[in-house]
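Model, not experiment: these values are computed from the prediction.
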There are 2 protein chains.
Amino acid sequence: MTAQQAFQPIKQESTPTLIANQLRKFIANGTLAPGSQLVEMDIAGELGVSRGPVREAIQRLAQEGLVESIRNKGVFVREFGPDDLRDIYQVRTSLEKGASEILLAGDHAAAGEELLVCVERMDEARKADDLEAISEADLAFHERLVALAASPRLSRMHATLLTETRICLNRLEGSYEDESARVAEHRGIAEAIRDGEQALAMKRLDAHKDDALVRLVPAEHPTGQAF
Amino acid sequence: MTAQQAFQPIKQESTPTLIANQLRKFIANGTLAPGSQLVEMDIAGELGVSRGPVREAIQRLAQEGLVESIRNKGVFVREFGPDDLRDIYQVRTSLEKGASEILLAGDHAAAGEELLVCVERMDEARKADDLEAISEADLAFHERLVALAASPRLSRMHATLLTETRICLNRLEGSYEDESARVAEHRGIAEAIRDGEQALAMKRLDAHKDDALVRLVPAEHPTGQAF
DNA sequence: AGATACAACCTTGTCAACAATCATAGGAGA
DNA sequence: TCTCCTATGATTGTTGACAAGGTTGTATCT
């Protein structure tokens with residue numbers, strides 16, 4: 001061991017946390033399909049643990065809204081409808097506006113520059129024609145926007161909505177016809193924040209939300225079709 | 001049994017739900033003091049149940065942010081500091097602004113009238129010199145504002161913050177020097193919504209938040225003093 | 001007196017078993 | 001054939017016991 005190396009304190013994650021993280025991933029990527037039941041015994045058997053921590057993990061997901069727990073009946077992966085999608089994006093935008101206001105009240109130039117770095121990453125993914133990376137860079141932009149506000153509650157709530165957003169995006173097909181429009185929208189938001197233009201930032205966040213909803217909500221069945 | 005009476009379906013609340021509700025109340029009213037440890041065995045003994053459902057109830061409160069769960073060490077009633085109070089009010093205001101925008105985009109006149117009913121209740125409590133009722137009517141106004149937006153996620157998130165707000169208010173002494181100013185602030189918000197004045201409503205919600213923080217955050221220790 | 005090691009105690013984390021609930025299938029009776 | 005009742009199976013909800021981790025107290029050594 002040299003002077004530059006040192007042992008690091010061990011931080012062991014709890015079993016329910018590890019299980020919840022796996023379940024969250026499987027729900028988001030569709031391995032656990034909408035409407036399907038999460039059976040404690042089955043999951044416990046596959047993971048080689050008892051039902052207790054599985055139960056705990058599942059209850060966490062229920063509280064996050066990713067699954068629906070019905071007493072004495074079971075736990076089911078939640079299905080989303082167009083109303084859910086609207087709600088998710090609506091509330092996300094409220095939180096992102098709140099974060100933007102905090103940034104605008106502080107060093108908005110530095111915040112804007114940092115968000116523009118996220119936009120560049122998004123642009124690189126666009127140039128590489130990597131749709132999955134674009135989508136993830138898109139969400140990373142929003143996550144960073146809220147994280148920069150340094151508000152624990154905003155970040156926690158926003159994280160829940162981002163998970164739900166990922167689930168919806170994985171289940172739907174919508175995308176931008178031209179990915180450079182997507183990049184431009186994010187750049188517009190970052191620039192408004194950098195330049196301290198509050199009203200413009202708010203307006204662009206709203207427009208970004210409206211644009212996403214037009215793309216994602218199936219036009220022929222605006223109130224139907226769970227996914 | 002007459003024609004107007006009928007048996008109602010029985011909806012049995014789960015044991016963890018009942019326990020969590022009790023614990024939430026005791027945390028809010030100070031029976032369970034900030035920093036104190038929630039011991040599963042003790043609570044289970046007092047309630048005459050096993051540790052399992054107590055554990056589940058406690059994990060719910062942890063996810064709501066009312067208690068802090070440290071692996072292998074225990075669960076402690078969360079202490080709040082001035083930063084927490086600012087965060088709570090900041091995020092609440094973001095959610096309330098989001099709700100207001102939804103109301104303003106719909107039948108804002110009806111929504112405003114309904115909020116004014118809440119204001120009248122608050123005024124009645126002021127006339128009765130009942131400080132506790134004023135405080136509860138105040139929170140009821142905000143709850144109603146968000147409920148009227150009919151956004152499940154807004155309501156769920158806002159409810160968590162209202163619980164936290166109650167806890168902070170119970171632990172702090174601040175109040176309005178003149179309760180009629182408090183009533184007037186709420187009336188101002190309701191009227192702006194009723195009249196469809198978005199910018200004014202946003203401005204008034206911000207001012208309401210700033211006013212509350214001035215009253216509640218101890219001026220001599222803006223960054224200290226957990227409660 | 002201070003530091004170290006070990007034992008005891010308290011509490012959390014997990015496990016396996018039993019109790020309770022719900023849904024389904026099969027059999028009996030009208 | 002249809003309806004009702006009972007049994008069975010699957011799963012959830014809870015319990016009590018054991019395993020694991022952390023803290024405190026006591027004894028011993030320097």
Every protein N/O lying under 3.5 Å from an N/O of nucleotides 22-25 of chain C:
unit_1 : atom_1 : unit_2  : atom_2 : d
C/dA23 : OP1    : A/Lys73 : NZ     : 3.4

Flag if over 12 foreign heavy atoms under 6.0 Å of CZ, B/Arg121: no

N-O pairing of B/Arg182 and B/Glu185 below 4.0 Å: no

N-O pairing of B/Lys209 and B/Glu96 below 4.0 Å: no

A/Asn21 (side chain) donor-acceptor with A/Leu18 (main chain) under 3.5 angstrom: no

Test item: B/Arg78 side-chain N/O and B/Gly65 main-chain N/O as donor-acceptor pair under 3.5 Å: yes

Check: A/Leu161 main-chain N/O paired with A/Thr165 side-chain donor or acceptor under 3.5 Å: yes

Sugar-phosphate, base or nothing in reach of B/Ser14, heavy atoms under 4.0 Å: nothing

N/O donor-acceptor pair under 3.5 Å between A/Gln63 side chain and B/Arg60 backbone: yes

NZ or CZ of B/Arg144 within 45° of B/Phe141 ring axis and under 6.0 Å: no

Residues touching DNA chain C, which here means a heavy atom under 4.0 Å, drawn from residues 45-61 of chain B: B/Arg51, B/Arg55

Whether A/His142 and A/His186 hold their rings parallel, tilted or perpendicular, with breakpoints at 30° and 60°: perpendicular

Where chain B begins and ends its contact with DNA chain D, read 5' to 3' at 4.0 Å from heavy atoms: D/dT14 to D/dT23

B/Arg166 with B/Glu136: basic N within carboxylate O range, under 4.0 Å: yes

